[in-house]
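Before any comments, here is the structure.
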Amino acid sequence: MNNRAQFGPFKKSGTVWRVSTPKRKVVVRRVCKALTQAYGRPRFGNPSDPLDDLIFIILSNKTSPNSARGTYQRLKQRFRTWNDVLSAPIATVRSVLKPAGLSTVKSKQIRAALRAIKKTFGACDLRRLKKFSTADAEHYLVGLPGVSEKVAKCVMIYTLNYPVLPVDAHVHRISRRLGWTTRKRADQCHAELEALVPASLRHNFHVTCIAHGRKICRPQNPLCDSCSISRYCYFFKAAE
């Protein structure tokens, strides 16, 4: 199956696409191997249940990791089940979410998503998605309120074992610096990067990019001299 058929139409924007196919594949695998050697397979506190993880990731959007984890823990302590979130006054839900910010928007998104899930599956439970095809699971998730393509793909790799590649700010920044894409927004890169990174390496590439982006490849003042993949990085080479 060719890239266009498998991933939908996309323009090969990255400099790496100008390299021969064998050399490009070697570079991608070496980058993924170096990042895995440096960071292992971090999970960042994501729950193992798909619905728990969906709520956790919604809470993580536009807030710090520590704030998101704390808010998620308070939500789980306050409500015994996700059904209880639906039956509680929305003001109560907002008060629990308030410390993380955007409580009005996120409380509405979470409750609307829970209602839609319950309507589809008869319960607040996403485990039946494991029987869906990759495309069908993603299509269902992005149809839920507050669920972007990135959020859907995160739930899919962390809890449902689908071979997808979520592109967040860290993955986007590192991929641009590597010359794997030139697109200006993370949400524009999914098809290009999934075509570039083999299915078996996507999970580790995603999580290690987050770790690498937080520690080394920062938005400002990246620590290029301490970077394990600088030899493959167009950003680093241009700065030399």
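Quick note: residue numbers are just sequence positions, from 1. Computed from heavy atoms alone, side chains included, the values below leave out hydrogens, waters and symmetry copies.
- Surrounding CZ of Arg214 are more than 12 heavy atoms belonging to other residues, nucleotides or ligands, all under 6.0 Å away.
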Return a table of donor-acceptor pairs under 3.5 angstrom between the side chains of residues 35-45 and protein atoms on other chains or two or more places apart.
residue	atom	partner	partner atom	Å
Thr36	OG1	Cys32	O	2.9
Thr36	OG1	Asn204	ND2	3.3
Tyr39	OH	His212	ND1	2.7
Arg41	NH1	Asn204	OD1	2.7
Arg41	NH2	His203	ND1	3.4
Arg43	NE	Asn46	O	2.8
Arg43	NH1	Tyr158	O	3.2
Arg43	NH2	Pro47	O	2.9
Arg43	NH2	Tyr158	O	2.8

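- By the 4.5 Å heavy-atom criterion applied to side chains, Leu86 and Cys124 are counted as neighbours.
- Counting only heavy atoms from C-beta outward, the side chains of Phe235 and Cys224 approach each other to under 4.5 Å.
- Taking every heavy atom of both residues into account, Ile174 and Cys209 meet most closely at CD1-O, 3.2 Å.
- Without hydrogens or angle criteria, Ser175 side chain to His172 main chain gives no donor-acceptor distance under 3.5 Å.
- Within the model, atoms CZ of Arg177 and SG of Cys227 stand 9.5 Å from one another, a figure rounded to the nearest 0.5 Å.
- Checking Asn61 against Lys106 by side-chain atom types alone, no donor-acceptor pair falls below 3.5 Å.
- Note on Val96: it clusters hydrophobically with Leu51, by side-chain heavy-atom contacts below 4.5 Å among ILVMFWY residues.
- When side chains are defined from C-beta on, Leu97 counts as touching Leu59, because their heavy atoms get closer than 4.5 Å.
- The backbone N or O of Val167 lies less than 3.5 Å from a partner atom in the side chain of His190, making a donor-acceptor pair.
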(request) Please lay out, stage by stage, how Phe56 and Leu75 fare under the test side-chain contact (heavy atoms from CB on, under 4.5 Å). (result) CA-CA 10 Å; Phe56 179 81; Leu75 194 64; over 6 Å; no

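- Remark: Thr182 OG1 to Glu192 CD distance equals 6.5 Å, nearest 0.5 Å.
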(request) Evaluate side-chain contact (heavy atoms from CB on, under 4.5 Å) for Arg176 paired with Lys184, printing each intermediate quantity in order. (result) CA-CA 9 Å; Arg176 277 178 58 89; Lys184 293 183 179 180; 4.3 Å; yes

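- For the salt bridge (Lys or Arg N to Asp or Glu O under 4.0 Å) test, no residue two or more places apart in sequence or in another chain qualifies with Arg111.
- A donor-acceptor pair shorter than 3.5 Å can be found between the side chains of Asp52 and Trp82.
- Interatomic distance, CG of Leu54 versus CG of Leu129, reported as 9.5 Å (0.5 Å rounding).
- The distance from the OH atom of Tyr162 to the CD1 atom of Ile157 is 13.5 Å, given to the nearest 0.5 Å.
- For the atom pair CZ (Arg115) and OG1 (Thr120), the distance works out to 13.0 Å, reported to the nearest 0.5 Å.
- A distance of 10.0 Å separates OG1 of Thr134 from CG of Leu160, quoted to the nearest 0.5 Å.
- Under a 3.5 Å cut-off, the side chain of Arg218 and the backbone N or O of Asn221 do form a donor-acceptor pair.
- Cluster annotation: Phe10 is connected to Val28 through the hydrophobic network of ILVMFWY side chains, with a link wherever side-chain heavy atoms come within less than 4.5 Å.
- Between the side chains of Arg94 and Ser107, no donor-acceptor pair of N or O atoms lies under 3.5 Å.
- Neither Val19 nor Val197 shares a network with the other; the hydrophobic side chains, linked directly or stepwise wherever heavy atoms of I, L, V, M, F, W or Y lie under 4.5 Å apart, form separate groups for each.
- The cluster map of Ile, Leu, Val, Met, Phe, Trp and Tyr, joined by side-chain heavy atoms under 4.5 Å apart, puts Val155 and Tyr72 in the same cluster.
- A continuous path of Ile, Leu, Val, Met, Phe, Trp and Tyr side chains, each step under 4.5 Å between heavy atoms, connects Trp17 with Leu178, placing both in one hydrophobic cluster.
- Side-chain contact check for Leu201 versus Arg29: some heavy-atom pair is nearer than 4.5 Å.
- Annotation: Lys108, atom NZ; neighbour count of heavy atoms from other residues, nucleotides and ligands within 6.0 Å does not exceed 12.
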(message) Go through it in stages, so that I can follow the logic: the residues are Arg24 and Thr21, the test is side chain to side chain donor-acceptor pair (under 3.5 Å), and I'd like the CA-CA distance, side-chain angles, deciding distance and then a yes or no.
(response) CA-CA 5 Å; Arg24 183 172 64 247; Thr21 299; 3.3 Å; yes

